[in-house]
Each structure stands twice: as structure tokens, then as C-alpha cells.
2 protein chains.
Amino acid sequence: MKRRPNGVSRPTIVDVADVANVSRQTVSRVLADHPRVAPATRLRVEAAIEDLGYRPNRMARALVTRTSLTFGFAAVDMRDLHFGDTCAGMQAEARKHGYYLVVTKLDFEDDRGVGTLETLLTLGVDGIAFFPSFMEDTEIELFASTSGCPVVMIGRGSKIPHVVSIALDETAAADLIVDHLVQSGKRRIGVLMNEMYPKIVHDRFVALGRAITSRTDGVEPPVEADYPQISHGRDAATTLLQRRPDLDAIVGFNDTMAMGALLACHDLGLRVPEDVAIVGYDGIPFGAITSPPLTTIVQDSIGMADAAFKALLSCVQDGTPVEGEVVLWRPELLIRGST
Amino acid sequence: MKRRPNGVSRPTIVDVADVANVSRQTVSRVLADHPRVAPATRLRVEAAIEDLGYRPNRMARALVTRTSLTFGFAAVDMRDLHFGDTCAGMQAEARKHGYYLVVTKLDFEDDRGVGTLETLLTLGVDGIAFFPSFMEDTEIELFASTSGCPVVMIGRGSKIPHVVSIALDETAAADLIVDHLVQSGKRRIGVLMNEMYPKIVHDRFVALGRAITSRTDGVEPPVEADYPQISHGRDAATTLLQRRPDLDAIVGFNDTMAMGALLACHDLGLRVPEDVAIVGYDGIPFGAITSPPLTTIVQDSIGMADAAFKALLSCVQDGTPVEGEVVLWRPELLIRGST
DNA sequence: CTGTTAGCGCCTTCAC
DNA sequence: GTGAAGGCGCTAACAG
């Protein structure tokens, strides 16, 4: 029972073996629920474990088994409810299957995020799910092919070798939004994006741009805020409305930015939806209580989380290397008062 | 370069040593920035590391050094913005000091949360910060005294041996709220709590109960919702207002529940704040855009996160065992339209 | 059914 | 300045 540099010592498997008068290996067998252990021996070992308050060291175990029963999860900001819901969904699913989730913030400073994923790997995770906010596809491919574990990307529908991509069908979502707006008589549609999730922003804007251009006189460049938050959305929408005072609809990158647009309209004395209609993405609960409540593309975060977990699990269990596959999720337009 | 059960192999320190034509030990020295390595050797090793894409295995390292440069963080729901902000704050602080945060959901099913913290320990963290939503003080003390690492509790001001407690000064917060309400002419104040964070709820309700009783005709039992969310707050507030239609103020456990109370008042045709004033806790951004905007007790989540991280770090660095200390944070009342 | 041997990837200690 | 031996806590593989 050696001591840690600071604090109390924790018993090891040897301590348990000594107390129970068996070998380490027998303790190991009891822990693994191995069948061929005499019932009496098993009881002795279990009693010793209980007495000592022994807990196996998962790092030592993982070193030998090359399996930590741990997956890594990385996103820029867990407080963003789409990320948060996905993370929570994966945690729940993981627990059901005896896995733990190691959650980490994805940092731009850290090699555009690759460094963060590498650290997850050095921590010994068996697989990784992440939102590729600022990572380049080529970097992701390189990472995945050298990672030695399954890698799932959520939020972008790029086909990348060795990576399972799970994403909203951005084209379908954009069509839903723009059809709805055009049917409501809107013709001059502006877009609010942000610099925090440039990769997802890119896909979303491309899809929206196509949909808008094909149904109206065309789309102009989006206004990009630094962060996808209420106050930044408000500023961005104000800028947009100054540039194009004739806009009759604004699509925000997410609900939070759309809420900012709501505020900007209030500021400028514009009625929503009569003067300007507003649409967001994600379907967060707060969107239901703004005035007017927000029309939004609902994302099935939990469903995507389940799919991500299952993709990781099946790769690990079958030993199948990841082929590179894109799973697109059907969007749903929740129409409320803002359109 | 052995293979993992699934996927590609990752190089080890031995592979680097072979390529650089040195011993394992020399590679280890280079990694540790040990001074006594010949410059030429160091360059060879660094080149080999680069070539192979080698990354040290932190589990193997931690096994030897008994230090993982990792702290654990646990809370019931990272989407709750007070928890989320605190977590983000600790992540930021950790990165500055070369530490990583392993974030985990605290589960009631898992021994009221003790099991979750134990798992963090088996994962090898050097210290733990957590929100004690449903854990008993005695369980926390037992855990902390056998954990072998520093333990910081956030959100409750209990004095527990071997645990640093960082918490809002609930008494001061309750006084701020009730003084403000009474000065606004309110006398019949109801309270909304929840069953998800019973321990924090307890402290908060005791403080509110004292403050209300001492300044009005008395307080009645709170209505407890299952979860601290908008819809649950709405239902709870409806129940409360049916039980006591004469209420002229409602204090919610947090901003989210208070928003539910806002909706309940709209439902019942009550004006806010004229008929019923509403106050929340936390100061989340969405509280600024409700109608009317929410009066709230602002919590300095980032400040508390910094304090928590620093407490852990100093314990680990000095090797000081934790004495058991309570750090109370001064609340701030942000008065907006709902009062 | 149980014990022994070997080694996971790395660092500490002690040689040279 | 560099290498060799030993061990962190644990399990796989093979004995018996």
C-alpha cells in the first residue's frame, strides 16, 4: 500500500490478495466475474475488497487490456445546448453499456483542435466523438487514420475516410426554412453566421445560400459574429439591417443568434414577423418563451448522440475499422410566432 | 509497435528510441526536458518523435509518477448554465496550468453520486471538484478521507473535514431578495424548488425561509418540481398560485424555474411585477430577454471555478492535505423588470 | 479451481 | 551524457 505524493494511500490488488489469502490473479478473476472461482474463495475476496475499500485502477488495467471502456467527447462549448444535449445523450448511452465519457473542451489554440483530440488519445480513450468546429477535413482524416481508434464527427456531413460523419441534412433544412419563408410572402432573406464554428457555418451557409438564391433574387454574404450568442446576434442583425433595411426575413445560425435578431428588431421598431420574420436552428427550450416564440429547425441531438455512441461501440466490439460514412439526419421545422 | 485490438497501432517510447538509436531512457529524458542530454541527441530524438507521430501514453506515465495532471469534475447536468459556466471556467484555468479536466455526469443511481466520484478516482485524477446535488455530507466526508486526493465541493457551504467548500452565501442572497421584495411592497412570498438538487435546494430554502419569516407573516412550504426547468417551473408555479392565490411574489430556485413562473403568471392573467414579482438565481443570459426581464441573484461562476481550481492545484503542489474550509461568495442582486 | 510468469508503456534509481 | 535494471497496478497465458 504505497502512498501517493499527496494524500492517503489506496489499496491495490495485492493488498486485497494478502487479506484474502489468495494470489493477485484470483482477485483479478473475481473482479472480472470469471466463472471458475470457488464460491468460498470469491466470498473471501469480496469481503477483503469491501473491507479495504478497494477500487481497481483503470489505468493499469487499460495498459494491459488496451481497452479503457472510455470514449472521448470534444466540443467547443458544452454550454451551447446542441452540444450539451448531444454530450448528455452520449453519457446516458455510455453508462448503459458500462462505458464512461471523458469530456473535453475543443480549443482553437490547440492546433485548431487536433491537439485536444490527441490529448484524449493519450488519456487512453477507446474512441472519439467530436464537433469539428474549426478542424480541416484533411487534418481530421490524418488524425483519424493514425489514431488507432474509431472516430465519429458530429455536425458536418463531409465524407472523410476513416471517419463516421453524423450531421443534420443542411440542404433539407435550408429548403424547409426558405420554402416556409417564401410561402409566407418573404423575399429578401438575410443570414447571420459566426466565426466560432466556421466549418459548420460554411455548410449551413452554402445550403441556405443555394436555397435562397433559387427562390428569390439572390442572397448576399452573411454577417458573421464572433460568437453565436444573444448579444452578438443582436449586433450582427443590427449591422445586417443597416446594410439591407429592406430585409423581410433573417435566418440565424442557431436559436441564440436568432434571439439576438429578435432583440435587434425590437430595437429598430420592426415588428416580428410582420416586418421581419426570424428563424433559428436547434430547437432549444428557451426559444419557446421569447416574444414572439422562435420558429426553428429542431435537431434531434439525442438521436444523433445515440447514433454516435453506437457507431463507436460497434467499431470497438467488432474490431471493424471505420470505413468513412455519412449519416444525414432529417430536419424538422418547428413553426412558431416569429414567422 | 504492438497493435490495439481494433485499429492502427501507436508508436511507443521504444519505437522512438530505436529510430533515434538511443535507449528508452534518453527519449524519456528528452520528453521531460531533462537538462543533461547532448544537443545532437536531443535533436535526433525530437526528429524521431515527429516522424513517428509519437505521443506519450499518459496512463503509463501516471502509473509510475502517481500524477496524471488531470482533475475530475462532476455535476448533475452540464447544460444547467451555472454548472456549465463553472466547468468552462475550470477548463480554462486548467489549460493554463497544463492540466486537463475529465468531466463526468453525476448520477443519482450511482450510489447517490459517490460511485461517480469513485470512478473518477479509478480513472486516475489528481483531484476532484463537484456539485454535491444529492450526496450526504457524511458520504462526502468518507469519500474525501479515503480518496487520497484533494476534493472541492462547489455549491454548498457545509463544513466537511478534508473538503474545501465553495458556495454562494445563501443567507446574504436570501436577505438581498427578500429585502428588495419587501421594499417593493410585497408581503406574501412563495418559493419554487426542485428535487434534482436536493442538497443545494435545502440550503437555499432554509435561507429564504428565515429571511421571509423574519420580514413577513411567514413562509409556507415550497412547491418542489421534479426538474429545475422551464416547464416544470411553470407547473410548480401554477400549483403554488392555486394554493395561495394571494401571493404577490415568487422566488424560483434558479432562473429557468423563474421563467416558468413568468409563464404561469401569463397563463393566469397575472401581471408581472404588478400582481406578482418574480426572482431567480444564477444570472443566465436568457434571463435578460424574457418579458419582463428577470431579476436575479448573479453567481460568479467563473470566480468560483478559479477558486476551485486553485484550491486543487495548491493542494497537489504543496502536498498539503485538505483541512476542510468554507469559502462563501458574496451574491449580487441584479434588479430587472420582473420585480 | 488457483498460482506463476511475463509484460503493458513509462519513469526512477543507480550504474557507467 | 547515457544505459540497464526494476517496478507502477493490473491481466493474459500457461501451468498444475
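The chains referred to below are lettered A, B, ... by the order of the sequence lines, with proteins before strands, and numbering in each begins at 1.
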Of the candidate nucleotides [options], which contains the atom at the shortest distance from the side chain of [X]?
{"X": "A:Thr12", "options": "D:dA12, D:dC10, D:dC8", "answer": "D:dC10"}
{"X": "A:Leu31", "options": "D:dG6, D:dT11, C:dT2", "answer": "D:dT11"}
{"X": "B:Ser28", "options": "D:dC10, C:dC11, D:dC8", "answer": "C:dC11"}
{"X": "B:Arg29", "options": "C:dC11, C:dC14, D:dC10", "answer": "C:dC14"}
{"X": "A:Thr26", "options": "C:dT2, D:dG7, D:dA5", "answer": "C:dT2"}
{"X": "B:Gln25", "options": "C:dT13, D:dT11, D:dC8", "answer": "C:dT13"}

Item checked: Contact summary for B:Phe143 and B:Val151, nearest pair of heavy atoms -> CE2-CG2, 4.0 Å
Margin query: Which heavy atom of B:Arg29 sits nearest to which heavy atom of B:Val37, and what is that distance?
Written below: CB-CG2, 3.7 Å
Checklist line | DNA chain C-proximal residues of residues 33-42 of chain A, any heavy atom under 4.0 Å | finding: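 The stretch gives A:Arg36, A:Val37, A:Ala38, A:Thr41 as the residues lying under 4.0 Å from the strand, ordered by number.
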Next item on the list: Say whether A:Asp126 and A:Ser68, considering side chains only, have a donor N or O and an acceptor N or O under 3.5 Å apart.
Entry: yes
Check: Taking atom types as modelled, is there a side-chain donor on A:Thr119 or B:Tyr100 under 3.5 Å from an acceptor on the other?
Finding: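 Present: a donor and an acceptor within the cut-off.
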Next item on the list: Take the angle between the ring planes of A:Phe309 and A:Tyr99 and call it parallel below 30°, perpendicular above 60°, tilted in between.
Entry: perpendicular
Check: Less than 6.0 Å separating the ring centroids of A:Phe73 and A:Phe130?
Finding: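 Between A:Phe73 and A:Phe130, the centre distance exceeds or equals 6.0 Å.
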[X] [atom1] to [N] [atom2]: how many Å, rounded?
{"X": "A:Leu121", "N": "C:dG9", "atom1": "CG", "atom2": "C1'", "result": "15 Å"}
{"X": "B:Ile13", "N": "D:dG3", "atom1": "CD1", "atom2": "C1'", "result": "13 Å"}
{"X": "B:Arg61", "N": "D:dC8", "atom1": "CZ", "atom2": "P", "result": "19 Å"}

Notebook entry, point to check: Is A:Ser23 touching bases, backbone alone, or none of the nucleic acid, heavy atoms closer than 4.0 Å?
Noted result: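 Base: the residue A:Ser23, judged by heavy atoms under 4.0 Å, touches a nucleobase.
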Notebook entry, point to check: With a 4.5 Å limit on heavy-atom distance, are the side chains of B:Arg61 and B:Leu31 in contact?
Noted result: yes
Notebook entry, point to check: Do any side-chain nitrogens or oxygens of A:Arg66 fall under 4.0 Å of OP1 or OP2 in C:dG9?
Noted result: yes
Note to self: So, applying side chain to side chain contact (heavy atoms under 4.5 Å, CB included) with A:Pro132, which one of A:Val76, A:Val163, A:Ile140 is it?
What the structure shows: A:Ile140
Note to self: Using C1' atoms of five pairs at each end, report the bend of the helix from C:dC1-D:dG16 to C:dC16-D:dG1 rounded to 10 degrees.
What the structure shows: 40°
